[in-house]
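Accompanying notes for the structure given below.
Scope of the values below: all heavy atoms of this structure, side chains included, with no hydrogens, waters or symmetry mates.
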Amino acid sequence: MEGSVATGLGSLDFGPVITALTSAVTPAQIIALLASVIAFGIPFVFMWFGIRKVIKIFRSAVMGGSIVV
């Protein structure tokens with residue numbers, strides 16, 4: 001039973017699928033996608049650092065009794 005599954009999978013030809021994928025996606029599209037992900041992520045990184053700074057200021061104000069920026 002398992003031998004028939006292995007021979008069935010071994011006879012599959014992924015050549016047309018790989019050819020279709022490589023012809024559909026170009027390197028320019030991959031670079032554009034990476035650039036847009038980076039451009040979209042940079043504000044979130046700065047926002048993360050800003051939130052951490054605000055939390056640190058708040059904690060030091062509560063513990064120390066004064067606000068220092």
Side-chain angles (χ1 to χ4, degrees):
M1 184 86 172
E2 290 182 26
S4 64
V5 173
T7 58
L9 290 177
S11 65
L12 288 177
D13 183 24
F14 288 106
V17 175
I18 293 172
T19 304
L21 285 175
T22 55
S23 65
V25 179
T26 63
Q29 290 173 332
I30 294 172
I31 292 170
L33 177 68
L34 289 175
S36 62
V37 166
I38 290 171
F40 186 73
I42 287 173
F44 286 105
V45 170
F46 285 131
M47 185 173 57
W48 171 255
F49 288 132
I51 290 171
R52 287 182 58 203
K53 178 73 173 176
V54 168
I55 290 172
K56 182 180 175 188
I57 290 170
F58 180 74
R59 283 184 182 166
S60 66
V62 169
M63 295 296 190
S66 63
I67 295 177
V68 177
V69 178

Inset, instruction - Check which hydrophobic residues are tied to V54 through side-chain heavy-atom contacts below 4.5 Å, counting indirect links as well, and list them. - result: none

Legend entry - Which residues share a side chain to side chain contact (heavy atoms under 4.5 Å, CB included) with I55, sequence neighbours left out: I51, R59

Legend entry - Those residues that, when tested against R52, pass side chain to side chain contact (heavy atoms under 4.5 Å, CB included) (two or more places apart): W48, F49

Inset, instruction - With sequence neighbours left out, write down each residue that passes side chain to side chain contact (heavy atoms under 4.5 Å, CB included) with I18, or none if nothing qualifies. - result: F14, T22

Legend entry - All ring pair (Phe, Tyr, Trp, His ring centres under 6.0 Å) counterparts of F46, not counting sequence neighbours: none

Legend entry - For I38, side chain to side chain contact (heavy atoms under 4.5 Å, CB included) partners two or more places apart: I42

Donor-acceptor contacts under 3.5 Å from residues 25-37 side chains, at least two apart:
unit_1, atom_1, unit_2, atom_2, d
T26, OG1, Q29, N, 3.3
Q29, OE1, T26, N, 3.1
S36, OG, A32, O, 3.2
S36, OG, L33, O, 2.8

